[in-house]
Amino acid sequence: MSRIKIFDTTLRDGEQSPGVNLNKLEKLEIAKQLERLGVDIMEAGFPASSKGDFQAVKLIADTIKDTSVTGLARTTKGDIDTAWEALKGAAEPRLHLFLATSPIHMTYKLKITPEQVIEQSVNMVSYAKQRFPQIEWSAEDATRSDWNFLAQIIEKVIDAGATVINLPDTVGYTTPAEYGKMFHFIRETVPNIDRVSLSCHCHDDLGMAVANSIAAVENGVTQVEGTINGIGERAGNAALEEVAVALKIRSDYYQYDTGLKLDEIKRSSDLISKLTGMYVQANKAIIGRNAFAHESGIHQDGVLKNTETYEIITPELVGVNSNTLFLGKHSGRHAFKDKVESFGIELTDDQLKEAFQRFKQLTDHKKEVTDDDIYTIVMEIKTEAQAVSKYELKSFQVQYGQATIPTATVSLVTPQGKTLQTACTGKGSVEALYNTLSTLIEEELKLLDYQLNSVGGGKDALAESHVQLSVNGEAMNGRGSAQDVLEASANAYLNAVNRYIITKQSVKPKEVVKQ
């Protein structure tokens with residue numbers, strides 16, 4: 001079978017999803033999981049976009065060794081130089097250069113001629129080749145570009161040193177037949193095309209990103225770009241788990257293999273949804289919670305007699321296992337440590353101690369603790385950036401009843417070490433709690449989004465809250481968990497504020513780059 005390389009851009013294009021704002025520790029944990037999943041290339045970010053993105057890309061490049069790490073750059077020397085500084089510690093430094101080639105982009109966005117686009121691309125590929133052994137060049141908005149112009153510029157950037165040519169469907173405009181024909185045309189027209197690999201990068205605006213990606217593979221593409229869970233700008237990117245499993249299940253038809261460790265898909269999906277706050281819809285293909293649920297009586301009868309009647313994918317294939325209850329209040333530190341290590345997560349002694357304490361606190365209220373509960377606790381500790389000073393919740397109390405006005409009383413420790421206390425009302429208990437916190441915090445705050453989810457099932461399930469706050473005009477995400485939904489909500493609110501405190505000195509708002 002032909003090997004198709006997987007280029008994961010969850011940390012770059014995926015992070016450009018509205019409302020997603022990952023810190024470098026969260027990005028590193030995602031990168032480690034992508035390495036376990038077995039992706040061939042991961043796009044760690046856009047180093048020139050901000051100091052924070054530069055630091056995250058550098059940390060990932062210096063840490064990840066079994067997966068090639070790349071960074072995005074515009075066709076400018078400044079972007080290329082910055083990318084090199086971030087990526088030079090990687091096992092295989094790789095650069096991803098892009099420039100738009102469609103008439104609408106060249107005319108209205110770039111405001112340069114096609115000849116200038118060719119010249120700029122060739123010059124910057126040649127410049128980058130002085131440092132980077134692997135250079136991917138992308139024709140932004142390729143699917144709305146003139147094919148003859150594409151063939152002309154591709155030939156020249158290959159001669160300049162490009163090793164991968166990517167033709168993205170940047171706005172999700174094309175169809176499988178059109179996309180396949182475009183790659184077929186390029187392969188037949190560009191004389192030196194055999195010197196490079198061809199890559200596809202599809203967006204899902206018309207719901208055809210995965211189908212378009214597979215059509216590209218059928219027409220000579222050997223690298224597929226996308227994201228886990230299909231996250232990304234607008235309607236998102238091609239969902240890599242869908243591409244990989246489709247090729248696996250229909251190997252009788254598609255003679256291609258990705259090399260992904262498919263049983264790591266569920267863990268990868270869970271981690272990314274948890275850290276981004278973009279929860280997977282129940283009916284999502286491959287990893288939605290309903291993917292293996294059969295409610296129809298006829299379906300249930302068939303599955304009980306033979307799972308293949310309605311299940312074409314076994315849950316175990318993608319890492320979905322029965323959520324076995326294994327630890328409780330009598331479980332010791334050694335058993336807890338073994339479970340954490342089984343997740344592939346490394347904790348310092350102090351982090352392990354804190355995680356074990358939180359686990360013990362949970363067992364005081366929850367008789368049976370699941371893998372998902374422990375994973376939530378561990379990832380919260382692992383990805384929590386430490387601030388020199390931050391807001392800490394000392395205590396809170398909420399009074400609520402149908403005949404009373406919801407009132408929250410909060411005691412809060414400020415970054416300056418002062419303990420403040422006040423009470424405020426609201427239309428509901430969460431609003432009262434957030435009004436009180438907002439009164440005690442000196443930053444200007446506005447709640448943009450609030451989500452509350454359970455980790456697992458049951459009335460004693462761990463609650464996990466995600467919020468997005470405008471903190472002094474800058475959107476920040478926050479995440480918090482607790483068995484009590486109000487405590488989880490308060491933790492998420494403060495987490496967003498504390499993330500702002502940590503980053504406000506060094507990170508400017510990320511620049512959105514379409515690709």
Side-chain angles (χ1 to χ4, degrees), residues 8-37 39 42-45 52-53 55-57 59-60 63-64 227-233 236-237 239-241 264-281 284 287 319 340 343-347 351 355 358 371-386 449-456 462-469 475-482 488 491-496 498-500 502-503 507 510:
D8 183 279
T9 184
T10 302
L11 291 168
R12 200 277 299 171
D13 208 329
E15 208 220 356
Q16 289 178 194
S17 304
V20 176
N21 193 329
L22 301 169
N23 64 37
K24 67 179 182 181
L25 295 179
E26 290 167 335
K27 288 185 178 183
L28 181 61
E29 288 307 312
I30 291 174
K32 289 179 179 178
Q33 180 57 38
L34 293 175
E35 186 178 35
R36 286 189 285 269
L37 178 62
V39 303
M42 69 175 75
E43 190 167 41
D53 223 29
Q55 292 172 341
V57 173
L59 178 62
I60 292 168
T63 304
I64 301 298
T227 61
I228 302 301
N229 297 341
I231 66 174
E233 287 189 87
N237 292 55
L240 290 175
E241 68 278 1
E264 288 288 342
I265 285 176
K266 183 61 164 60
R267 181 67 69 195
S268 303
S269 172
D270 288 349
L271 174 64
I272 289 161
S273 65
K274 184 182 297 293
L275 297 186
T276 62
M278 298 186 69
Y279 291 104
V280 175
Q281 66 199 59
K284 166 77 168 64
I287 39 78
V340 171
F343 296 148
I345 299 172
E346 296 179 359
L347 296 180
Q351 288 174 330
R358 292 193 193 183
D371 281 14
D372 286 342
D373 292 327
I374 294 177
Y375 192 75
T376 298
I377 291 171
V378 170
M379 288 312 304
E380 193 167 285
I381 291 171
K382 185 69 174 174
T383 60
E384 187 176 82
Q386 297 299 313
D449 188 39
Y450 170 77
Q451 299 179 54
L452 187 65
N453 292 271
S454 66
V455 178
L462 193 67
E464 187 172 53
S465 177
H466 279 83
V467 301
Q468 186 179 47
L469 287 181
M476 300 298 298
N477 288 358
R479 186 178 74 256
S481 64
N491 290 340
Y493 195 91
L494 290 178
N495 181 251
N498 288 331
R499 284 167 71 108
Y500 172 81
I502 294 167
T503 60
V507 182
K510 66 184 178 184

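These numbers come from a predicted model, not from an experiment. In what follows, residues are counted from 1 in the order of the sequence shown.
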Just verifying a value: how many Å separate [X] [atom1] and [Y] [atom2], rounded to the nearest 0.5 Å?
| X | Y | atom1 | atom2 | result |
| --- | --- | --- | --- | --- |
| I265 | L240 | CD1 | CG | 9.5 Å |
| I345 | Q351 | CD1 | CD | 10.5 Å |
| I30 | I228 | CD1 | CD1 | 10.0 Å |
| I64 | L34 | CD1 | CG | 8.0 Å |
| I272 | L22 | CD1 | CG | 9.5 Å |

Looking at residues at least two apart in the chain, or sitting in another chain, which of them share a salt bridge (charged side-chain N to carboxylate O under 4.0 Å, His left out) with [X]?
| X | value |
| --- | --- |
| E464 | K274 |
| K27 | E15, D53 |
| K284 | E241, E242 |

Legend entry - Evaluation steps, side-chain contact (heavy atoms from CB on, under 4.5 Å), between E43 and L11: CA-CA 6 Å; E43 190 167 41; L11 291 168; over 6 Å; no
Taking only residues two or more places apart in sequence, or in another chain, which ones meet [X] in a side-chain hydrogen bond (donor to acceptor under 3.5 Å, both in side chains)?
| X | answer |
| --- | --- |
| R479 | E26, T383 |
| Y375 | none |
| E380 | R358, S481 |

Legend entry - K32 and E35 ion-paired at < 4.0 Å: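 No, this pair does not count.
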Inset, instruction - Would you please indicate yes or no on a ring centroid separation below 6.0 angstrom for Y450 and H466? - result: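 When the ring centroids of H466 and Y450 are compared, they turn out to be at least 6.0 Å apart.
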Legend entry - Derivation of the side-chain contact (heavy atoms from CB on, under 4.5 Å) call for I502 and N23: CA-CA 10 Å; I502 294 167; N23 64 37; over 6 Å; no
Legend entry - Whether N237 side chain and G230 backbone form a donor-acceptor pair below 3.5 Å: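 Not confirmed, N237 side chain does not pair with G230 backbone.
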